[in-house]
There are 2 protein chains.
Amino acid sequence: MNLPQKIAGVNKNSIPRLVQYKYVLKKVLASGSDRVYSNELADAIGITAAQVRKDFSLFGIMGNKRGGYSVSDLLGIIQRILGSQPGQDVIIAGMGHLGIALSNYKGFEKEGICIRAGFDIDPVKCGVQGNIPVYPFSECEGYISNRNIKVGILAVPADAAQLVLDVMVRGGVEGVLNFAPVHLMAQRSCVIHDVNLGVELEFLLYFVNALNNRGGKA
Amino acid sequence: MNLPQKIAGVNKNSIPRLVQYKYVLKKVLASGSDRVYSNELADAIGITAAQVRKDFSLFGIMGNKRGGYSVSDLLGIIQRILGSQPGQDVIIAGMGHLGIALSNYKGFEKEGICIRAGFDIDPVKCGVQGNIPVYPFSECEGYISNRNIKVGILAVPADAAQLVLDVMVRGGVEGVLNFAPVHLMAQRSCVIHDVNLGVELEFLLYFVNALNNRGGKA
DNA sequence: CCCTTTTTGTGAAAACTATCACATAAAAAG
DNA sequence: CTTTTTATGTGATAGTTTTCACAAAAAGGG
């Protein structure tokens, strides 16, 4: 399974925006204010105010006419929609630089996400890398099933990715964030979300080249 | 400027797909075959054959009825559309683990992309990290203008990102791949493409939680 | 209490994207 | 040479997402 196409009529593009609203709301709350307007949220993430309100409308979120939104209320609602709960455990397969970078990422714990462990076939990488314990990959499946881990991150080379996915899925993982530049197939039901950094860079290059060499025409 | 909305009627979603077709075509070519069908490309990246043909139709790419496409021809055309040329120089600001991971990324040089140098304020990170020379950040602007660098990668903490972007833009950069989880504003014309790894993980978590706790209903 | 200002909430319209379905061409088979 | 098979190319259709525009509610001033 790749991403499910449809969760009960929800605009899929609005989900990443909700996550971004959440980030902004936390900043605003930390700054002491408990009031926010759609245009402030819009500016903070680079979209229009109408889009913000439409997103909220879609999820039945209501503010006060002329009074904007209560930051703390809004935050609570959005977190409930996103299913953000403390203690969402995640593991990483592949403790190269990308794996380590993800394990160090400061933002996760604030969101209740906890990177529990890493796994690698290379014994040199095992032990402790930065913040998390790293175990031999052979222990991955057992770790997942024993601790009931639901989400894994795939930061292994492309040629190992399918194999590692299979192990994770056998362990019982239900979702995978895949950084390997290959299309994967899960044996059992497992949501796979691909992030291909090469594609992201080449996507950018296309626009830079297009605006340059072709004056925005082709 | 954020991403330009429109480059002459092109479906923006088709661009990352073109990049993926390119990757697949290179693999096919390496495997010795010079013929490929829309359904093969589709399967390789997890979409439908109709989508592949529609993308091609959009860019005026034509194959042979019943004969599929010549892999080498197709590759040439797609590379021309994407503006892939040898010698596209890129620099990285911020040589933490993410920066190093990107500088090590094997895929880039095959696509004619060359990560030339890294920059960091931390003297400890300067010198040589993996494959590339790393210079003090103070030299960043000069390096960009002297070598006519057009694209930069931002792998610095959120609170430094806007400052670093300003320096890059002053140097003459025209496109930036931004990994910092903040919305940036370029002083002058510069395409910014954001990749927020936290958002990507939380996006996945939403679907896992939604399918689990709410049985795909909410 | 009424008028003005401001900001929300949302149908309707517009824009964009993906899917369908089938005519068309080419190859292969008989 | 005719028929059958197979895969492309694309107009039409369906679906999704964003933008528009404006009524309605709340707040404040006089």
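In what follows, every chain begins at residue 1, and chains take the letters A, B, ... in the order their sequences are listed.
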Please list, in numerical order, the residues of [range] that have a heavy atom closer than 4.0 Å to any atom of DNA chain D.
| range | result |
| --- | --- |
| residues 47-55 of chain A | A/Thr48, A/Gln51, A/Arg53, A/Lys54 |
| residues 24-41 of chain B | B/Tyr37, B/Ser38 |
| residues 14-21 of chain A | A/Arg17 |

Do you know which two heavy atoms are closest between [X] and [Y], and how far apart they sit?
| X | Y | result |
| --- | --- | --- |
| B/Asp34 | B/Ser70 | OD2-OG, 3.1 Å |
| A/Gly118 | A/Ile132 | N-CD1, 3.6 Å |
| B/Gly175 | A/Val208 | CA-CG2, 3.6 Å |

Close side-chain approach of [X] to [Y], heavy-atom, < 4.5 Å:
| X | Y | result |
| --- | --- | --- |
| A/Glu111 | A/Ser84 | no |
| A/His183 | B/Val24 | no |
| B/Ile61 | B/Ile81 | yes |
| B/Asn196 | A/Tyr23 | yes |
| B/Phe119 | B/Val167 | no |
| B/Leu102 | A/Leu98 | no |
| B/Phe108 | B/Gln88 | no |

Whole-Å gap separating [atom2] ([N]) and [atom1] ([X]):
| X | N | atom1 | atom2 | result |
| --- | --- | --- | --- | --- |
| A/Lys65 | D/dA25 | NZ | P | 6 Å |
| A/Asn64 | D/dA27 | CG | C1' | 11 Å |
| A/Phe59 | C/dT10 | CZ | C1' | 16 Å |
| B/Asn13 | C/dT19 | CG | P | 11 Å |
| B/Phe56 | D/dA7 | CZ | P | 16 Å |
| A/Met62 | C/dT10 | CE | C1' | 9 Å |

Given D/dT17, is OP1 or OP2 found less than 4.0 Å from the side-chain N or O atoms of A/Asn11?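 True: A/Asn11 side-chain N/O within range (under 4.0 Å) of D/dT17 OP1/OP2.
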Can you list, by residue number, the residues of residues 68-78 of chain A that have a non-hydrogen atom closer than 4.0 angstrom to DNA chain C? A/Gly68, A/Tyr69
Calculate, to the nearest 0.5 Å, the distance between atoms [atom1] and [atom2] belonging to [X] and [Y] respectively.
| X | Y | atom1 | atom2 | answer |
| --- | --- | --- | --- | --- |
| A/Asn148 | A/Glu174 | CG | CD | 8.0 Å |
| B/Ile47 | B/Tyr21 | CD1 | OH | 3.5 Å |
| A/Leu165 | A/Leu154 | CG | CG | 6.5 Å |
| A/Glu202 | B/Ile15 | CD | CD1 | 11.5 Å |

Taking the axis from the first five pairs and the axis from the last five, what angle separates them in the helix from C/dC1-D/dG30 to C/dG30-D/dC1, rounded to 10 degrees?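 Comparing the first five pairs with the last five, the axes sit 0° apart.
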Partner set under ring-ring contact (aromatic ring centres under 6.0 Å, His included) for A/Phe179, not counting sequence neighbours: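 ring-ring contact (aromatic ring centres under 6.0 Å, His included) list for A/Phe179, sorted by chain: empty.
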Using the side-chain hydrogen bond (donor to acceptor under 3.5 Å, both in side chains) rule, take A/Asn209 and B/Gln85 through it: C-alpha gap first, then chi angles, then the decisive distance, then the call. CA-CA 10 Å; A/Asn209 288 328; B/Gln85 305 139 353; 5.2 Å; no
Give a yes or no on whether a donor-acceptor pair under 3.5 Å exists between the nucleobase atoms of C/dA27, that is its base, and the side chain of B/Arg66. yes
